[in-house]
Amino acid sequence: MELPHQTLPAQLGGRIEAAEVLTHNQGNAATGGIWRVHGPTGSAVLKVARPPATVPVGSPAWQTSDEPTHWNYWQREALAYTTGFAASVYADAGIAAPAVLDVAHRPDGAIELWMADARGAPGMSWSVARLAHFARQLGAAQARWVGRVPELPWLSRRWLSQYLAEGPGRGVRTGGDEPWEHPAAAVWPAAVRDQLRRLWVQRHAVLAAAEASPRTVCHLDVWPTNLIEDGASTVLVDWSFTGEGGIGEDIANLIVDSVADGLMDAALLPDIAAAVTEDYIAGLRDGGWTGAPDTVRQAIAACGAAKYSWFAPMTLGRVIRDGTFGHPQYGRDTTGASALLRLEGLVTLLADWARATLP
């Protein structure tokens with residue numbers, strides 16, 4: 001295929017023979033595309049970082065910015081790779097980033113980021129035990145940064161607050177009992193719906209609790225599609241959001257996003273939640289953090305409930321309005337009704353997290 005490019009890494013052997021589009025959030029205005037590119041002597045991954053456009057592109061919930069601390073700053077990932085931050089920040093705990101092969105600037109201002117093609121088992125194919133192994137690695141890595149997040153100007157700050165103000169949750173429109181009492185919602189127990197409604201109404205209080213957790217260096221997009229096995233080590237990709245966050249924030253994200261779009265069997269959720277939580281706590285201990293385990297569990301609950309405070313009302317609203325649910329690139333559900341049934345365990349977990357966080 002014809003793939004415009006400014007440069008080619010030596011690993012490809014001088015020309016492009018084939019290129020395949022890799023699944024990604026095509027609504028993200030900061031991403032101009034991701035491809036696996038094949039040449040005569042090897043393969044590489046090309047990701048194009050796109051600056052803000054005069055006429056906005058992408059989803060309104062996924063706009064980018066020239067402000068370095070913005071939650072979706074378009075140059076952050078390129079900076080994370082080219083400064084060596086992504087390769088080094090978690091390296092002592094066995095978490096690596098793909099090697100940077102080449103970087104080029106396009107005439108339109110976009111950045112080509114060529115990276116090594118990590119071809120191990122992707123996270124969505126992992127066992128619960130392998131997810132827990134990664135969680136322990138992440139705990140050990142993040143323990144070393146508690147209370148001393150680097151003062152790099154391009155790291156995100158208060159990412160969760162910005163994401164909730166500008167991201168997917170901005171599209172939630174609820175009033176009164178709608179959509180909580182709609183017949184379609186009856187597949188979720190009434191007590192769960194009541195708690196999810198309370199979570200949405202009191203989401204700012206839950207966010208405050210999340211932001212009160214001990215601060216560390218977070219990746220802020222930890223989910224199975226960004227994890228690749230490399231023996232006992234783990235390759236972690238997509239550093240577009242990385243910055244200051246709470247202990248447990250990445251683990252809450254991993255728990256929810258393992259099953260939210262159907263990437264992994266929703267029946268595994270209780271096992272995933274228990275295993276990654278306990279191994280993350282063990283990893284924090286490995287890394288020298290001496291806080292109480294319940295502080296971590298409370299942080300996971302608060303961060304997870306806050307980040308996904310919009311998930312239940314958004315899901316119900318979409319199913320009621322359109323009869324469907326699912327991310328356009330990642331979703332696996334064929335009908336809205338089947339999605340609501342599949343997600344009962346997940347929304348119950350969100351309700352439990354909210355109950356544990358709210359007074």
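As a basis for the values below, the full set of heavy atoms in this structure was taken, side chains included, without hydrogen atoms, waters or symmetry mates.
Counted by atom type alone, T69 and R158 present zero donor-acceptor pairs between their side chains at under 3.5 Å. With no hydrogens or angles considered, a side-chain donor-acceptor pair links S240 and E77 at under 3.5 Å. E229 and W126 share no side-chain donor-acceptor pair at under 3.5 Å. The closest side-chain donor-acceptor pair between Q142 and D250 falls under 3.5 angstrom. Side-chain atoms of Y308 and N253 include a donor-acceptor pair closer than 3.5 Å.
Taking the charged nitrogens against the carboxylate oxygens, E244 and R215 do have a contact shorter than 4.0 Å, which makes a salt bridge. By the 4.0 Å N-to-carboxylate-O rule, R136 lies too far from E278 to be salt-bridged with it. Taking 4.0 Å as the cut-off between side-chain N and carboxylate O, K47 and D238 count as a salt-bridged pair. Taking 4.0 Å as the cut-off between side-chain N and carboxylate O, E17 and R15 count as a salt-bridged pair.
Panel note: side chain R144, backbone W289; no donor-acceptor pair is recorded below 3.5 Å. Judged by distance alone, the side chain of Q162 and the main-chain N or O of R157 form a donor-acceptor pair under 3.5 Å.
Proximity of S338 to L341: side-chain heavy atoms (C-beta onward) are nowhere separated by under 4.5 Å. Between S258 and L269 the shortest side-chain heavy-atom distance does not fall below 4.5 Å. Between I111 and W74 the shortest side-chain heavy-atom distance falls below 4.5 Å.
Not less than 6.0 angstrom separates the ring centroid of W239 from the ring centroid of Y73. Here the two rings, on W180 and W188, have centers that are 6.0 Å apart or farther.
With F241 as reference, W159 is the one residue of W154, W223, W159 to meet the ring-ring contact (aromatic ring centres under 6.0 Å, His included) rule.
One hydrophobic cluster holds both V296 and L160 under the rule that ILVMFWY side chains link at heavy-atom gaps under 4.5 Å.
A cation-pi arrangement is absent between R197 and W200, since the terminal nitrogen or guanidinium carbon is not both under 6.0 Å from the aromatic centre and inside a 45° cone about the axis.
Surrounding CZ of R106 are more than 12 heavy atoms belonging to other residues, nucleotides or ligands, all under 6.0 Å away.
Taken to the nearest 0.5 Å, the OG1 atom of T7 stands 7.0 Å off from the CD atom of E112.
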Subject >> Derivation and outcome, side-chain contact (heavy atoms from CB on, under 4.5 Å), residues D279 and L131 >> reply: CA-CA 9 Å; D279 274 56; L131 286 173; over 6 Å; no
